[in-house]
Amino acid sequence: QVQFVESGGGLVQPGGSLKLSCTASGTMFRHLDIDWYRQAPGKQRDLIARVTVGGDPIYSEAVKGRFTISRDNGKDTVYLEMRNLKVEDTAVYYCGSMTARTWGPGTEVTVSS
């Protein structure tokens, strides 16, 4: 069994940067593709990035070129570096695994001047 906890959210101005962390417990982490989703107020939850077991990143068009996903298997952690943030990036960000069907409680990101 695996559990996830996100951290690193906060308030940032447009054009700013944030780095989110997703820390896992359990022994499955390094055998799982890990996803970052986000859910803006009143909208559905969208997949924005995935890092595969082999470390390969996949991005949605909305964040490609601005966000970078990476994993550190030694720390059981996945990172999401977000640059050039826009107001429309405001959302609750969740990490987890579709294979394990487990998600963290989320961390809130607000982009506002």
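Just the heavy atoms: all of them, side chains too, but no hydrogens, waters or symmetry mates, feed the values below.
- Smallest separation of non-hydrogen atoms from Asp33 and Val53: OD1-N, 2.8 Å.
- Annotation: Gln3, atom CD; neighbour count of heavy atoms from other residues, nucleotides and ligands within 6.0 Å does not exceed 12.
- Residue Glu88 places its CD atom among more than 12 non-hydrogen atoms of other residues, nucleotides or ligands, all under 6.0 Å distant.
- Here the CD atom belonging to Gln1 is positioned 10.5 Å from the OG1 atom belonging to Thr27, to the nearest 0.5 angstrom.
- Shown here are the ring-ring contact (aromatic ring centres under 6.0 Å, His included) partners of Tyr79, two or more places apart in sequence or in another chain: there are none.
- Distance OG/Ser70 to NZ/Lys19: 6.0 Å, rounded to 0.5 Å.
- Using a cut-off of 4.0 Å between Lys/Arg side-chain N and Asp/Glu carboxylate O, Asp76 and Arg71 are scored as not salt-bridged.
- The main-chain N or O of Thr110 is never found under 3.5 Å from a side-chain atom of Thr90 such that the two would form a donor-acceptor pair.
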Item checked: Steps toward side chain to side chain contact (heavy atoms under 4.5 Å, CB included) verdict (Ser112, Leu11) -> CA-CA 7 Å; Ser112 175; Leu11 173 65; 4.2 Å; yes

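- Atom NZ of Lys75 sits about 9.5 Å away from atom OG1 of Thr23, to the nearest 0.5 Å.
- The shortest non-hydrogen separation linking Pro14 to Ser113 is CD-N, 3.7 Å.
- By the 4.5 Å side-chain criterion applied to Ile, Leu, Val, Met, Phe, Trp and Tyr, Leu85 is assigned to a cluster that also includes Val2, Phe4, Val12, Leu18, Leu20, Met28, Phe29, Leu32, Ile34, Trp36, Ile48, Val51, Tyr59, Val63, Phe67, Ile69, Val78, Leu80, Met82, Tyr93, Val109, Val111.
- Side-chain N or O atoms of Thr99 include none that pairs as donor or acceptor with a backbone N or O of Ser97 at under 3.5 Å.
- Across every non-hydrogen atom of Val92 and Gly106, the tightest pair is CG1-CA, 3.9 Å.
- The existence of a salt bridge linking Arg66 and Asp89 is confirmed by a sub-4.0 Å separation between a basic side-chain nitrogen and an acidic carboxylate oxygen.
- With sequence neighbours excluded, the residues that form a side-chain hydrogen bond (donor to acceptor under 3.5 Å, both in side chains) with Glu61 are Lys64.
- At distances below 3.5 Å, at least one donor-acceptor pair connects side-chain atoms of Glu6 with backbone N or O atoms of Cys95.
- Counting only N and O atoms by type, the side chains of Thr68 and Arg83 include a donor and acceptor under 3.5 Å apart.
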